[in-house]
Structure formats: structure tokens, C-alpha cells
Visitor: 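The structure's right below; bear with me while I get my questions together.
Since we're looking at a predicted model, the values are computed, not measured. Just so you know, ligand 1 is whichever comes first in the structure, and atom 1 is the first atom listed for that ligand. Here, residue 1 is the first one in the sequence, and each next residue gets the next number.
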Amino acid sequence: MPTTDGLRPDAGERAFIDQVIARRSARPGALLGILEEVQEHQPRKYLCLDTIRYVAEKTGTSLSQIFSVVTFYALFNREPQGDHTIAICRGTACHTRGSRSLLESLRLELGLDEDGAHADKLTLTTPNGRFTIRTVACFGQCALAPVVEVDHRICGHMNEGVLKREVQALAGKESQ
Ligand code: FES
């Protein structure tokens, strides 16, 4: 079961975290791998405070150290993620090729509030939990600008029409 802030992870989740820690703790950079695997196991792909506390307790790591890892690496989420994630690059190459317009049209398509939509770093999830929009600093694929990642699939030379069709295709799959 998912965990929520204010509650300890349930017994099944604790058992999973315990075995991840036992399997990974001797490896270099263990904490990163532990957090990544724990997040991936969570249905909404995020690390809530209670899970972070539990990992800290079981690994003997300070909370501040875990938070510094979770906030430094873009792959970690502190909020529940949608069923589908669309990440828009806001790096310079993508910006000059229209990534702001892509972000704006996507936000309108999904009916997401404008709050923070102009920020360079944002994560917005639709109220029904189907879609999350994220921005990233650079995918390292600048020659393909503007770049959008749709459910971990890199799509280069994106335009508003193609992006709209991608979203509609995913929404269609959901309703089948
Ligand atoms: S700036 Fe967008 S991929 Fe590098």
C-alpha cells in the first residue's frame, strides 16, 4: 500500500525497504540506489517523509543527508506522480527552439493551473492523477531541441501538434 506522511510505511513496505537495504548497503553509493529502488516500488513513484524517515532510521543516515540527496537529484520525487509523466526541457537550446510554448500548450491541454508554470523548475500533476508535467534543465540531447520526454521516451524536434497527439494517445489508452 502507498504510504502517507504521518504514518509509518506499512508492514509490506517496511519488509521491502529492509531487503533493499540489506542487499545494497555494502555497495558504494548505496544510499542513492536504495532510495531509487524504494521510490520505484512506490505506486506513485515518490518518497514521502515517512519513507525517508524509515530509510534514515534503518541505514543509520541523518535525515539531512537523505534530504540533500533527494533534493539534489532530479530523479527523486517528493510528491505523488501521475500515471504518465511528460518532461519538458527548459535548457537554453530547447528554450530558443520554443520549449516555453510547448510547456504552455501542454499546461492548457491538461487544464493545469498557471501557478508556477513560468518557473524554470516545476512539477504539476493533474487532479485525477493521470499526468505529471515536469521541467528538466537539459537532457543532454540539445541537437534534438526542443526535447520532450514522454514516459521516459525521448522525443526530439517536438512541436505543439505532435505533443498534443502524444497526450491524447496516452489519455485514450487510459480510458480503454
Ligand atoms: S537544452 Fe534541451 S536537451 Fe539540452
Side-chain angles (χ1 to χ4, degrees), residues 20 24 27-49 51-52 55 64-175:
V20 171
R24 287 182 172 269
R27 300 185 198 173
L31 183 60
L32 198 59
I34 290 166
L35 292 170
E36 193 174 353
E37 198 169 333
V38 168
Q39 174 174 279
E40 192 53 35
H41 187 252
Q42 218 285 341
R44 286 287 169 196
K45 312 294 184 215
Y46 79 114
L47 294 168
C48 71
L49 180 58
T51 297
I52 288 175
V55 171
S64 63
Q65 196 179 339
I66 295 196
F67 273 111
S68 69
V69 170
V70 168
T71 51
F72 181 79
Y73 291 97
L75 70 96
F76 293 117
N77 306 310
R78 287 285 291 119
E79 301 295 333
Q81 300 296 290
D83 300 328
H84 302 287
T85 300
I86 299 174
I88 296 187
C89 180
R90 292 291 292 125
T92 305
C94 290
H95 176 77
T96 56
R97 290 180 175 265
S99 69
R100 185 181 290 277
S101 301
L102 290 175
L103 179 59
E104 186 66 6
S105 63
L106 183 60
R107 184 184 68 72
L108 291 173
E109 173 77 17
L110 295 176
L112 286 162
D113 285 343
E114 202 169 349
D115 291 354
H118 298 294
D120 280 339
K121 188 175 179 186
L122 68 81
T123 301
L124 296 170
T125 298
T126 55
N128 62 10
R130 286 188 172 175
F131 289 93
T132 292
I133 299 177
R134 309 175 61 191
T135 54
V136 297
C138 177
F139 283 115
Q141 305 278 348
C142 310
L144 301 177
V147 178
V148 174
E149 189 188 64
V150 179
D151 283 346
H152 305 297
R153 177 169 49 89
I154 291 285
C155 306
H157 306 303
M158 184 55 78
N159 63 53
E160 290 179 27
V162 172
L163 185 55
K164 187 172 182 174
R165 286 198 291 280
E166 290 277 355
V167 171
Q168 288 171 344
L170 292 173
K173 271 188 208 164
E174 287 282 308
S175 60

Visitor: Give the numbers and elements of all ligand 1 atoms closer than 4.0 Å to a heavy atom of Ala93.
Guide: 1 (S)
Visitor: How long is the gap from OG on Ser101 to CG on Leu106, to the nearest 0.5 Å?
Guide: 12.0 Å
Visitor: If you count the atoms of ligand 1 from 1 in the order shown, which ones are under 4.0 Å from a heavy atom of Cys142?
Guide: 1 (S), 3 (S), 4 (Fe)
Visitor: Between atom OG1 of Thr85 and atom CG of Asp83, what is the distance when rounded to the nearest 0.5 Å?
Guide: 9.0 Å
Visitor: For ligand 1, which atoms sit closer than 4.0 Å to a heavy atom of Gly91?
Guide: 1 (S)
Visitor: Strictly below 4.0 Å, N to O, side chains only: are Glu36 and Arg24 in salt-bridge contact?
Guide: no
Visitor: How about Cys89: does one of its N, O or S atoms come closer than 2.8 Å to atom 4 (Fe) of ligand 1?
Guide: no
Visitor: We want to know whether Arg100 and His95 form a side-chain donor-acceptor pair, criterion being a heavy-atom distance below 3.5 angstrom.
Guide: no
Visitor: Quick one: CD on Gln39 to CG on Leu47, what's the gap to the nearest 0.5 Å?
Guide: 4.5 Å
Visitor: Flag His95 as yes if one of its N/O/S atoms falls below 2.8 Å of atom 2 (Fe) of ligand 1, otherwise no.
Guide: no
Visitor: Identify, by atom number and element, the atoms of ligand 1 in contact range of Gln141, meaning under 4.0 Å from any of its heavy atoms.
Guide: 3 (S)
